Amino acid sequence: MIREKLGVYFIMGSRNAGERDPLEVLEEALKGGITCFQLREKGPGAIEGRELRAFGEACRDLCRAYGVPFIVNDDVRLALELGADGVHIGQDDGDAGEVRRLIGDRILGVSVHNLDEVREAAAAGADYVGIGPVYQTTSKPDARPVCGTLPLREAAEAFPELPSVGIGGITAANAGPVIASGASGVSVITAISLADDPERAAREIRMAIEETIRRR
Ligand SMILES: Nc1nc(C(F)(F)F)ncc1COP(=O)(O)OP(=O)(O)O
Ligand SMILES: [Mg+2]
């Protein structure tokens, strides 16, 4: 069941770890208890071709070793080539129904920004939706305006069967309200990928959301 795997959803590409080896950062995040990982190779210096394939295989193998779902962002062909557990697409990355047909029963995540897009994603067979940016983000230059937690609450109330994750500027300090709004998890790039101690950062986010779930 994907809902339980969405708690601490780490997203990273080869260029998100600053001066550090991204594979070391990923393994530390896995030790810290992330529950899902998305390979999102974007932005300046993004790798491609054989280099991306090799990096993706290494990320996949680390996730498998820790029993964590390995999701690929945008690139359905790469996801299928890598034998990924699923794919995440945005509103401009293709038709969700078509992607569902291409990936079979693998995990399908869709970015949404309003209830119409939630409804469409559910109809297309999405396993979860990503909603944001909840807070100001530094990871996505083309992000939409900050939306806060209200869209998460609206989606959870209107479509309680469709798990959602909040994304955008989330840290251990502000993860609580995201979960309190009804989201099943939080997605994080920088708070883990550029942390001095990614293992500790992942653990603190996991503790923050589990505390909120207990009180919810
Ligand atoms: N990559 C994402 N992952 C999630 C997840 F739910 F998985 F946390 N939610 C939202 C996005 C954003 O997806 P998209 O709008 O296509 O932009 P980009 O391809 O630049 O990431
Ligand atoms: Mg995308």
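First listed ligand is number 1; within each ligand, the first listed atom is number 1. Remember, it's a predicted structure, so these values are computed and weren't measured experimentally. Just the heavy atoms: all of them, side chains too, but no hydrogens, waters or symmetry mates, feed the values below.
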Distances under 3.5 Å, N/O of ligand 1 against N/O of the protein: list each pair and its distance.
{"unit_1": "ligand 1", "atom_1": "1 (N)", "unit_2": "Q38", "atom_2": "OE1", "d": "3.1"}
{"unit_1": "ligand 1", "atom_1": "1 (N)", "unit_2": "N73", "atom_2": "OD1", "d": "3.3"}
{"unit_1": "ligand 1", "atom_1": "3 (N)", "unit_2": "Q38", "atom_2": "NE2", "d": "3.2"}
{"unit_1": "ligand 1", "atom_1": "3 (N)", "unit_2": "H88", "atom_2": "NE2", "d": "3.4"}
{"unit_1": "ligand 1", "atom_1": "9 (N)", "unit_2": "H88", "atom_2": "NE2", "d": "3.4"}
{"unit_1": "ligand 1", "atom_1": "13 (O)", "unit_2": "S111", "atom_2": "OG", "d": "2.8"}
{"unit_1": "ligand 1", "atom_1": "15 (O)", "unit_2": "S111", "atom_2": "OG", "d": "3.4"}
{"unit_1": "ligand 1", "atom_1": "16 (O)", "unit_2": "G90", "atom_2": "N", "d": "3.2"}
{"unit_1": "ligand 1", "atom_1": "16 (O)", "unit_2": "D93", "atom_2": "OD2", "d": "2.9"}
{"unit_1": "ligand 1", "atom_1": "17 (O)", "unit_2": "K140", "atom_2": "NZ", "d": "2.9"}
{"unit_1": "ligand 1", "atom_1": "19 (O)", "unit_2": "K42", "atom_2": "NZ", "d": "2.9"}
{"unit_1": "ligand 1", "atom_1": "19 (O)", "unit_2": "N73", "atom_2": "ND2", "d": "3.0"}
{"unit_1": "ligand 1", "atom_1": "19 (O)", "unit_2": "D74", "atom_2": "OD1", "d": "3.1"}
{"unit_1": "ligand 1", "atom_1": "19 (O)", "unit_2": "D74", "atom_2": "OD2", "d": "3.3"}
{"unit_1": "ligand 1", "atom_1": "20 (O)", "unit_2": "R40", "atom_2": "NH2", "d": "2.8"}
{"unit_1": "ligand 1", "atom_1": "20 (O)", "unit_2": "K42", "atom_2": "NZ", "d": "3.2"}
{"unit_1": "ligand 1", "atom_1": "20 (O)", "unit_2": "K140", "atom_2": "NZ", "d": "2.8"}
{"unit_1": "ligand 1", "atom_1": "21 (O)", "unit_2": "R40", "atom_2": "NE", "d": "2.6"}

Salt bridge present between R20 and E28 (N-O < 4.0 angstrom): yes

When you check the gap from the basic side-chain N to the acidic O, do R214 and E211 get nearer than 4.0 Å? yes

Only one of R3, R106, R100 passes side-chain hydrogen bond (donor to acceptor under 3.5 Å, both in side chains) with D127; say which it is. R100

How about [X]: does its [atom1] atom have over 12 heavy atoms from other parts shown lying under 6.0 Å from it?
{"X": "R216", "atom1": "CZ", "result": "yes"}
{"X": "R203", "atom1": "CZ", "result": "yes"}
{"X": "D196", "atom1": "CG", "result": "no"}

Go around the Mg ion (ligand 2) and count every protein N, O or S atom nearer than 2.8 Å. 2

Hey, can you pull the donor-acceptor pairs under 3.5 Å for the side chains in residues 160-170, sequence neighbours left out?
none

Taking all heavy atoms of S139 and all of T137, pick out the closest pair and write down the distance. N-OG1, 3.0 Å

List the atom pairs, donor and acceptor, that lie under 3.5 Å between side-chain atoms in residues 82-97 and the rest of the protein, sequence neighbours left out.
{"unit_1": "D85", "atom_1": "OD2", "unit_2": "F70", "atom_2": "N", "d": "2.8"}
{"unit_1": "H88", "atom_1": "ND1", "unit_2": "Y128", "atom_2": "OH", "d": "2.9"}
{"unit_1": "H88", "atom_1": "NE2", "unit_2": "S111", "atom_2": "N", "d": "3.4"}
{"unit_1": "H88", "atom_1": "NE2", "unit_2": "S111", "atom_2": "OG", "d": "2.8"}
{"unit_1": "Q91", "atom_1": "NE2", "unit_2": "S111", "atom_2": "O", "d": "2.7"}
{"unit_1": "D93", "atom_1": "OD2", "unit_2": "G90", "atom_2": "N", "d": "2.6"}
{"unit_1": "D95", "atom_1": "OD2", "unit_2": "G97", "atom_2": "N", "d": "3.1"}
{"unit_1": "D95", "atom_1": "OD2", "unit_2": "E98", "atom_2": "N", "d": "2.7"}

